[in-house]
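One structure is given here, and the rest of the page talks about it.
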Amino acid sequence: MRPKPGEAARARLEAIWRVVARLPEGSVSTYGGVAASAGLPRAARLVGRALREAPKSLGLPWHRVLGAGGRIVFPAGSRNFREQRRRLLAEGLTVVRGRVQLPRARDLDALLWGSDG
DNA sequence: GTTGTGACATTAT
DNA sequence: CATAATGCCACAA
């Protein structure tokens, strides 16, 4: 017997929620990445839906989910945009022009090698 | 059943 | 950088 319609969809949403809930503080992922980790490759849009439908009681770290290239998908200056940026900054991340400045290998080198390490 | 839209992604131009 | 095309899943009209 195949699952009733709506049940499978619910399962997908919950799978996505689980993945998002496991995102470590100070780290970030993307819609596509979350979808893939949830076993739903190429279902990035579904992740957006899932986050929108997510009950607040779950307390999901939705701010750690970004668009491709670490971009904040909300319209610049919108309430959600500022909220997300605020939370990201609070976790020690760097946000420049609506984008999370992901640590590059070069910078890490400079950081590790910089002081006569 | 088709069309349009959405917290998106990838590839090509 | 921007645009267009295609893919993906779900929902509303």
Side-chain angles (χ1 to χ4, degrees):
Chain A
M1 65 221 278
R2 41 178 202 277
K4 291 169 59 173
E7 193 172 341
R10 183 73 185 192
R12 288 187 177 90
L13 294 185
E14 290 178 354
I16 292 171
W17 293 339
R18 276 196 296 275
V19 171
V20 175
R22 288 180 65 82
L23 291 177
E25 178 179 345
S27 177
V28 291
S29 186
T30 62
Y31 291 90
V34 169
S37 294
L40 302 166
R42 283 145 207 77
R45 302 194 86 135
L46 194 60
V47 175
R49 266 199 66 77
L51 292 180
R52 171 150 239 170
E53 294 284 331
K56 266 166 111 164
S57 57
L58 290 180
L60 292 180
W62 56 270
H63 55 282
R64 294 177 198 151
V65 183
L66 303 165
R71 211 177 79 261
I72 295 180
V73 302
F74 296 111
S78 69
R79 203 168 156 27
N80 282 330
F81 179 94
R82 286 184 310 171
E83 176 71 7
Q84 184 166 20
R85 186 186 62 173
R86 202 184 89 83
R87 291 188 180 215
L88 290 171
L89 292 176
E91 295 191 357
L93 293 166
T94 306
V95 182
V96 178
R97 277 167 44 83
R99 224 176 274 219
V100 170
Q101 210 65 7
L102 301 171
R104 289 174 301 178
R106 298 266 283 188
D107 299 332
L108 284 180
D109 282 353
L111 212 66
L112 298 174
W113 292 30
S115 47
D116 70 319

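This one's a predicted model, so the numbers in the text were calculated from it and none came from an experiment. Computation of the quantities below employed the complete heavy-atom set of this structure, encompassing side-chain atoms and omitting hydrogens, waters and symmetry-equivalent molecules.
- Rounded to whole Å, the distance from CZ on A:Arg52 to C1' on B:dG6 is 8 Å.
- Within 4.0 Å (heavy atoms only), A:Leu51 reaches at least one base atom of the nucleic acid.
- Between C:dG7 and B:dA7, the two P atoms lie 22 Å apart (nearest whole Å).
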Pairs under 3.5 angstrom only: tabulate donor-acceptor contacts from the side chains of residues 63-76 of chain A to other protein residues two or more places apart or in another chain.
| unit_1 | atom_1 | unit_2 | atom_2 | d |
| --- | --- | --- | --- | --- |
| A:His63 | NE2 | A:Glu91 | OE2 | 2.9 |
| A:Arg64 | NE | A:Glu91 | OE1 | 3.1 |
| A:Arg64 | NE | A:Glu91 | OE2 | 3.1 |
| A:Arg64 | NH1 | A:Leu23 | O | 2.6 |
| A:Arg64 | NH2 | A:Glu91 | OE2 | 2.8 |

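- Atom C1' of nucleotide C:dC11 and atom CG of A:Leu46 are separated by 12 Å, given to the nearest angstrom.
- Distance CD1 (A:Ile16) to C1' (B:dA7): 12 Å, rounded to an integer number of Å.
- If you measure from atom CZ of A:Arg49 to atom P of B:dA7, you get 10 Å, rounded to the nearest angstrom.
- Applying the salt bridge (Lys or Arg N to Asp or Glu O under 4.0 Å) criterion to A:Arg87, with sequence neighbours excluded, gives A:Glu83.
- For the atom pair A:Leu93 CG and A:Arg85 CZ, the distance stands at 13.5 Å (nearest 0.5 Å).
- Taking a 4.0 Å limit (strictly below) on heavy-atom distances, residues 75-86 of chain A does not reach DNA chain B anywhere.
- We find the CG-CD distance between A:Leu46 and A:Glu53 to be 10.0 Å, quoted to the nearest 0.5 Å.
- Expressed to the nearest 0.5 Å, how far OG1 of A:Thr94 lies from CG of A:Leu89 amounts to 7.5 Å.
- You'll find that the side chain of A:Arg42 is closest to C:dC8, out of B:dA7, C:dC8, C:dC9.
- Residues in residues 26-44 of chain A take part in no side-chain hydrogen bond (donor to acceptor under 3.5 Å, both in side chains) pair, two or more places apart or across chains.
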Atom pairs, protein N/O to nucleotides 9-13 of chain B N/O, distance under 3.5 Å:
| unit_1 | atom_1 | unit_2 | atom_2 | d |
| --- | --- | --- | --- | --- |
| B:dA9 | OP1 | A:Ala68 | N | 2.6 |
| B:dA9 | OP2 | A:Ala68 | N | 3.0 |

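- Listed nucleotides: B:dA7, C:dC9, C:dC1. Nearest to the side chain of A:Arg97: C:dC1.
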Do any side-chain atoms of residues 13-21 of chain A form donor-acceptor pairs under 3.5 angstrom with protein atoms, and if so which ones, sequence neighbours left out?
| unit_1 | atom_1 | unit_2 | atom_2 | d |
| --- | --- | --- | --- | --- |
| A:Trp17 | NE1 | A:Ala50 | O | 2.8 |

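- Within the structure, a side-chain polar atom (N or O) of A:Arg12 is placed less than 4.0 Å from OP1 or OP2 of C:dA10.
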